[in-house]
Amino acid sequence: MCILVVGSVAYDTVETVHERRERQLGGSASFFSLAAALYAPVRAVGVVGDDFRQEDLDLLAAHGVDIAGIERRSGSTFHWSGRYHDDMIERDTLATELGVFADFRPQLPAGWADTPYVLLANIHPDLQFDVLEAVADPKLVVLDTMNLWIKTTRASLERVLRRVDVLLVNDSEARLLSGMTGLAAAADAIMAMGPKRVVIKKGEHGALFFGPEGVLAVPAVLLSEVVDPTGAGDSFAGGFLGHLARVAAHRDDGDAEFREAMIQGTAVASHCPEDFSVAPIADLTSEDVAQRVAWLRAMMTP
Ligand code: AMP
């Protein structure tokens with residue numbers, strides 16, 4: 001079943017201890033779309049500037065992503081730049097240049113309002129809300145966000161959270177949003193804000209799932225080399241919601257498929273840091289994912 005995603009389609013400049021790469025394809029919607037397209041048809045909503053390379057749009061389209069919702073406007077494409085610390089986990093945002101994103105108002109192409117699965121990727125919560133308003137009766141809505149929005153647009157974030165089924169955050173975001181230190185207490189507090197289920201990502205330590213039937217902890221795949229972790233969270237979201245769309249899960253179902261989605265998301269995300277930009281996700285096959293899923297299951301079996 002089809003997935004609608006709204007998020008950033010960006011150019012990223014990334015610095016690591018080894019290398020610096022300028023203006024490569026990035027953005028929450030790009031990583032998500034390429035990952036989710038392994039599982040289900042994806043419809044992408046976003047905006048790019050007149051500097052956006054046609055080959056980057058072609059890459060998304062070649063992977064089966066419907067790009068009819070990606071508007072091209074005169075101005076610059078959203079540009080994010082960041083520098084990773086030596087641990088390749090912590091990063092500093094050096095610049096966020098909104099460009100055409102500054103006055104972006106998402107528009108759904110005709111016929112997209114009935115899309116059953118919705119991923120509100122990391123963008124301003126008012127834009128996430130606009131998209132939700134435009135969708136008729138989704139089966140499942142998943143939201144991703146970041147510290148910036150929790151700190152600067154809290155009321156807007158709380159408004160959209162009331163209508164979301166699953167929230168994806170990392171551990172520091174969960175603490176900031178909930179005001180709680182313990183992650184179980186943080187998840188409970190977030191569930192009281194609207195989402196029935198919460199996923200808390202902990203980078204190289206894996207991810208936690210909190211649902212009506214309990215908690216699941218999934219370890220991260222152990223990687224021998226990390227080149228560029230940018231987009232791992234969005235790729236996780238792609239595998240997670242991709243799986244749920246493929247099995248046509250509904251918010252009122254039990255937790256079983258959501259727990260399986262945790263494993264799929266972890267397996268997909270584990271490929272992202274292996275190279276810069278979207279390359280590892282664009283090159284991914286279902287067989288690659290299946291291999292990592294098997295590896296994860298073996299690692300989790302006592
Ligand atoms: P992740 O590493 O999964 O957190 O995702 C990183 C991606 O998010 C990069 O490709 C950025 O272009 C994008 N990004 C960073 N900051 C923002 C922001 N404020 N709004 C939207 N997208 C962003």
Side-chain angles (χ1 to χ4, degrees), residues 3-12 26-33 42-49 52 67-80 93 95-110 112-138 140-170 172-174 176-179 189-196 198-199 231 233-234 237-238 241 251:
I3 305 172
L4 179 76
V5 56
V6 62
S8 54
V9 181
Y11 281 140
D12 291 347
S28 51
S30 309
F31 285 104
F32 174 86
S33 297
V42 178
R43 297 166 167 171
V45 175
V47 65
V48 295
F52 199 73
I67 56 169
I70 301 183
E71 251 180 87
R72 191 189 276 278
R73 289 243 184 138
S74 105
S76 304
T77 297
F78 176 76
H79 178 226
W80 175 80
T93 291
T96 303
E97 293 149 12
L98 291 179
V100 290
F101 230 86
D103 49 9
F104 172 54
R105 287 286 162 271
Q107 300 287 334
L108 260 51
W112 286 21
D114 62 354
T115 315
Y117 291 86
V118 180
L119 194 282
L120 305 171
N122 173 29
I123 48 167
H124 194 298
D126 285 345
L127 302 185
Q128 296 177 317
F129 189 84
D130 286 351
V131 168
L132 214 42
E133 286 279 281
V135 181
D137 183 24
L140 195 70
V141 179
V142 178
L143 182 140
D144 194 359
T145 190
M146 69 188 292
N147 282 353
L148 172 71
W149 311 122
I150 301 171
K151 284 184 196 150
T152 62
T153 58
R154 196 178 181 99
S156 295
L157 183 60
E158 285 177 358
R159 177 176 69 148
V160 68
L161 270 180
R162 285 195 278 277
R163 293 176 43 183
V164 160
D165 300 307
V166 184
L167 176 70
L168 307 178
V169 275
N170 67 33
S172 69
E173 292 157 355
L176 185 65
L177 179 61
S178 64
I190 292 168
M191 287 191 226
M193 298 177 190
K196 188 172 181 179
V198 178
V199 175
D234 309 310
L241 188 55
R251 65 171 70 87

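Between P195 and V166, the closest side-chain pair of non-hydrogen atoms is not below 4.5 Å. Taking 4.5 Å as the limit, some side-chain heavy atom of M193 sits within range of a side-chain heavy atom of L177. The closest side-chain heavy-atom distance from N122 to S8 is not below 4.5 Å. Taking the side chain as every heavy atom from C-beta outward, L140 and R251 approach each other to under 4.5 Å. You'll find the side chain of T115 stays beyond 4.5 Å of the side chain of I3, heavy atoms only.
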Stepwise side chain to side chain contact (heavy atoms under 4.5 Å, CB included) check, L4 with Y117: CA-CA 6 Å; L4 179 76; Y117 291 86; over 6 Å; no
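Between P125 and T153 the shortest heavy-atom distance is CG-OG1, 3.2 Å. Nearest heavy-atom pair, P106 versus V131, reported as atom, atom and distance to 0.1 Å: CB-CG2, 3.6 Å. For the pair F104 and L127, the tightest heavy-atom approach, listed with the atom from each and the gap, is O-CD2, 3.2 Å. Minimum heavy-atom separation, W112 to A68: CZ2-CB, 3.9 Å. Of all heavy-atom pairs spanning A237 and L119, the tightest one is CB-CD2, 4.3 Å. Scanning all heavy atoms of the two residues, the minimum distance from L176 to R154 falls at O-NH1, 3.7 Å.
Take H124 and apply the ring-ring contact (aromatic ring centres under 6.0 Å, His included) test, not counting sequence neighbours, and it matches W149. Take E133 and apply the side chain to side chain contact (heavy atoms under 4.5 Å, CB included) test, not counting sequence neighbours, and it matches F129, R163. Looking at residues two or more places apart in sequence or on another chain, you find a side chain to side chain contact (heavy atoms under 4.5 Å, CB included) between R72 and V48, F52, Q54, L57.
Residue V142 forms a side-chain contact (heavy atoms from CB on, under 4.5 Å) with just one option from D165, L168, L167, and that option is L168. For the pairing with W80, the side chain to side chain donor-acceptor pair (under 3.5 Å) check across T93, D12, T96 returns one residue only, T93.
Side-chain N or O atoms of T77 include one that pairs as donor or acceptor with a backbone N or O of G49 at under 3.5 Å. Proximity of a side-chain donor or acceptor of Q128 to a complementary backbone N or O of A121 within less than 3.5 Å is detected.
Separating the CG atom in L157 from the CG atom in L143 is a distance of 6.5 Å, to the nearest 0.5 Å. For the atom pair CD1 of I123 and OG1 of T145, the computed distance is 10.0 Å after rounding to the nearest 0.5 Å.
Residue-environment remark: CG (D137) stays at or below the threshold of 12 foreign heavy atoms within 6.0 Å.
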